[in-house]
Amino acid sequence: MKNLFVITLMLTGSLTFGQNDVVIIPKPVSLEMHSGNFNLNSKTTVITNKSAEHVADMLNVYLKKLYGFTLPIKNISPSKNIKNAIILALLKPDERKKDEYNLSVKASEINISGISNEALFYGVQTLLQLLPPEKPTDGNVSFEIPQLVINDYPRFQYRGMHLDVGRHFFDVDFVKKYIDLLAYQKYNTFHWHLTEDQGWRIEIKKYPRLTSVGAYRNGTIIGHHPGTGNDDTREGGFYTQEQIKEIVKYAQDRYITIIPEIEMPGHASAAIAAYPELSCFPNEPTAISDKTPWSGSREGKQVQQTWGVFPDVFCPSEYTFTFLENVLDEVIALFPSKYIHIGGDECPKDYWKRSEFCQKLIKDKNLKDEHGLQSYFIQRIEKYLNSKGRSIIGWDEILEGGLAPNATVMSWRGEKGGIEAAKQHHDVIMTPTTYCYLDYSQTKNDDSLTIGGFLPLDKVYNYEPIPKELDASEARYILGAQGNVWTEYMANPQKVEYMIFPRISALSEVVWSPKDSKDWNTFSSELPGMYKRYDFWGISYFKK
Ligand code: ACM
């Protein structure tokens with residue numbers, strides 16, 4: 001095959017992408033290979049109707065980014081004797097699913113059809129993976145694309161990837177690259193974890209100290225928690241509202257919804273450092289153990305420099321609720337997503353237990369205990385967001401003390417929370433640590449610092465998001481699954497890429513491809529083809 005490839009290249013000067021080289025991730029529902037090729041060259045025209053022009057433009061955006069050329073776009077009805085064209089056909093609604101596309105490659109034309117632009121965009125992503133993973137060296141575009149017929153649609157409506165920009169800040173360029181990497185693999189949701197103990201990353205005009213104070217820490221522990229020292233380097237950054245609008249638009253252009261996460265009531269150290277009144281004990285300095293390697297002052301409220309779960313959390317006071325409502329007003333104005341993620345995880349109750357104010361509130365509101373108080377907190381925020389036409393997602397701790405009436409649960413501490421929420425007829429997104437935590441080590445002999453755990457590629461690939469404990473009527477509450485990327489031990493974009501690839505590709509098949517067509521042997525045999533594509537995308541990745 002290799003020799004044949006070289007011979008073809010010599011004879012035609014074209015980049016031939018043979019049938020054996022076809023690796024489409026995630027695997028389509030059906031793929032039928034035919035003999036012969038379509039030659040894509042600089043004279044190939046993209047034909048589309050006006051309403052699908054955006055998708056044609058996006059094809060050119062990617063051709064330019066990846067190969068350095070664009071194709072002419074024409075708004076005409078395709079005639080019978082069309083030649084050398086890529087036809088993007090937006091069809092009238094019929095029995096097809098909203099995001100289902102058909103792609104056929106014939107000698108004279110490539111035809112991508114569907115009933116929504118989103119569907120056509122998925123077809124374009126597949127087409128891009130049918131092009132060779134290398135640029136033409138002489139600048140002369142001539143790609144041989146194998147003839148084939150594909151029918152394809154996703155298994156789950158929610159196909160998510162998360163990124164924690166609180167532990168380490170990632171700039172606008174990397175966030176856009178991350179969104180492209182999601183789009184290539186037909187993910188449709190980016191869960192942007194924007195606030196943390198170690199950094200608040202979103203500009204809020206009403207509360208400028210959130211970013212002037214809360215977006216920076218004086219240093220970071222060195223090595224694995226609890227750390228061997230402190231790097232004594234100021235770390236941080238934030239996204240301005242203008243940058244957020246730009247990123248939201250960038251994602252929309254790629255049919256990706258961004259769900260912002262504003263953490264509450266826990267993981268709030270950075271916000272409290274900026275506005276100490278948010279704490280039940282505004283005058284107490286942040287509790288920092290003598291053993292914690294620390295940079296700079298230990299006085300007053302501090303942005304955290306180490307990892308973990310911290311007891312100084314939002315006080316459920318009127319001051320806090322007004323603050324959060326004002327913050328959420330600005331968040332809502334920036335993000336059109338139906339969902340706002342409000343966190344809810346890992347909220348120690350120590351400060352609430354010793355706060356007279358909290359104990360009185362528990363009594364006055366007739367709550368059972370501090371878990372009841374957490375439930376009161378989340379339900380109040382849910383009511384506020386519902387009144388603005390939005391819905392909340394929370395980590396599975398929001399089940400404790402009673403679930404807010406319309407909440408969607410993100411099940412992370414295993415599958416139990418997801419099972420319980422689905423049985424209560426609440427929507428669920430599965431992100432169990434055991435299968436979906438892409439910050440866990442990929443190999444037992446780890447070659448870099450990670451948070452720990454062990455989550456090899458095959459385990460991600462073989463994950464089944466619908467727990468067997470659910471019957472069919474309950475299973476429909478499982479909207480899909482998501483990979484989580486906590487960045488305590490990822491200080492730069494290369495490390496993020498290295499940690500997520502190739503596991504993000506495995507997870508894309510979990511959420512997109514039909515359950516019955518999944519096959520680990522096939523997937524692993526395609527890894528060399530995927531590596532070539534990753535190289536072409538210009539990313540770091542873990543190689544088995
Ligand atoms: C989480 O990993 N604390 C949601």
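The analysis underlying the following values was restricted to heavy atoms, covering all of them including side chains, and did not include hydrogens, waters or symmetry mates. One-based numbering, in listed order, for ligands and for the atoms of each. Residue numbers count from 1 along this sequence.
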*Asks:* Return the set of residues passing side-chain contact (heavy atoms from CB on, under 4.5 Å) with R234 (not counting sequence neighbours), or none when no residue passes.
*Replies:*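 R234: side-chain contact (heavy atoms from CB on, under 4.5 Å) contacts with Y216.
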
*Asks:* Which residues satisfy the salt bridge (Lys or Arg N to Asp or Glu O under 4.0 Å) test with K205, sequence neighbours excluded?
*Replies:*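 Checked K205 against salt bridge (Lys or Arg N to Asp or Glu O under 4.0 Å); matches are E203.
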
*Asks:* Heavy-atom contacts with ligand 1 below 4.0 Å: which residues, ordered by chain and residue number?
*Replies:*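 Residues near ligand 1: D345, E346, W395, W412, Y437, W486.
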
*Asks:* Report yes or no: do E261 and H191 form a side-chain donor-acceptor pair below 3.5 Å?
*Replies:*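 Side-chain D/A pair, E261 to H191: present.
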
*Asks:* Does K27 have any side chain to side chain donor-acceptor pair (under 3.5 Å) partners at least two apart in sequence or in another chain, and if so, which?
*Replies:*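 Side chain to side chain donor-acceptor pair (under 3.5 Å) check on K27 returns nothing, list empty.
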
*Asks:* Is it true that the side chains of S317 and T320 contain a donor and an acceptor less than 3.5 Å apart?
*Replies:*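 Yes, side-chain donor-acceptor contact under 3.5 Å.
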
*Asks:* Do R390's NZ or CZ and the ring of Y339 fall within the cation-pi criteria of under 6.0 Å and 45°?
*Replies:*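 Pair R390/Y339 does not count as cation-pi.
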
